[in-house]
Structures are given as structure tokens and as C-alpha cells.
Amino acid sequence: MMGYLLYREVLAFAPADWTPAEMVVALVIADDARDETRVSTLPRAELCRRARLRPDSVRHVLQRLARSGYEFRVGHGPGRDGREVRAARGHATDFRVPDFAMLPLIPPPAPVDNWRRDGPEPASAGRLYGGKAAPGGRKGGPRRPPLSLSTPDNPFP
């Protein structure tokens, strides 16, 4: 079977701090890989086409993923300088989807809730309206929804 289970695994267990490009590249590789071996022989040009990214962008994304502990490129052995060779002229890059269950789980960052309904607006709210007060409310005061959205029994929908 091709990649359905791996695709779902990446969707479920990918870190929350991945960029959209990192997520797309990981999903494209997982979609092409075989579920039994976790290996994909997707040509780099096809990876770029499916991810809608330039070749240098894909290269940078794969490097960022590797630095964060998610190496998708399969090594072909050491080079002359002793570093692992993952691609060489005449040899395509193979990809292997890392086993997310075996990697150490990094808890997602806790959401920041710095806004209260009865307190002042967040600092970013002033920027939405060019530094002026939000429509229908005073700067720094409680914010009420437009009358069309509120009801007598629920003033805060």
C-alpha cells in the first residue's frame, strides 16, 4: 500500500512548530512512500512539483527538518570528507519517513491567552485599526460584539 498510513501518521504527530513548507514536504514524501518500508524513491523534481516549491527551497526545508531531528533523506554512505552522502551526481535521493512513534515526543507549546473579555484589548488589536480604537468600543475598554450578533440572553456570542 502506498503512503496512506504514513500520511496520516505525519498529520497526527508532526510538531506544531513546523512551517507550512516543512509540513507539505513531509506529507508529499509520506504520501509517496510504501507503508511497509517507509521508503520513497520520489525524484527531487517531482517532489518540487508536488510541493509547489523551488529546488533550493526543498533543499533548505529538508535541511531544517534534519536539524530538528526529522531526517527524511537516506544516506548512501560516507563521502571523501567523512560526512554522510545523501545525494550524488548520477544517484537520486531516496527518502525514508521517520518513525514518529520512536522519536522523543516534544509537547506542543501551550497556548497563550493574554486577553480577557472584561479586560483591556490585546496589544495587537490596536494595530488592526491603525492605532485607533476598535469600532464599537473604546481603546482599552471592554469590547462588545455588534448588535446584529448579540442576543438579550447572550451578549457575548
Quick check: do [X] and [Y] have side-chain heavy atoms less than 4.5 Å from each other?
X: L27; Y: D31; value: no
X: F95; Y: V39; value: no
X: L65; Y: E71; value: no
X: L6; Y: D32; value: no
X: E46; Y: V28; value: no
X: P15; Y: Y70; value: yes

Minimum heavy-atom distance [X]-[Y], with the two atoms named:
X: V97; Y: A33; answer: CG2-CB, 4.0 Å
X: A14; Y: F100; answer: CA-CE2, 4.1 Å
X: C48; Y: P55; answer: SG-CA, 3.5 Å

Original post:
Is it true that atom CZ of R96 has more than 12 heavy atoms of other residues, nucleotides or ligands lying nearer than 6.0 Å?
Top reply: no
If we ignore hydrogens and angles and just use 3.5 Å, is the side chain of [X] paired with the main-chain N or O of [Y] as donor and acceptor?
X: E22; Y: R64; result: no
X: R44; Y: T93; result: no
X: R52; Y: R49; result: yes

**OP:** Answer yes or no: is there an ion pair linking R73 with D94, defined by an N-O contact shorter than 4.0 Å?
**Re:** no
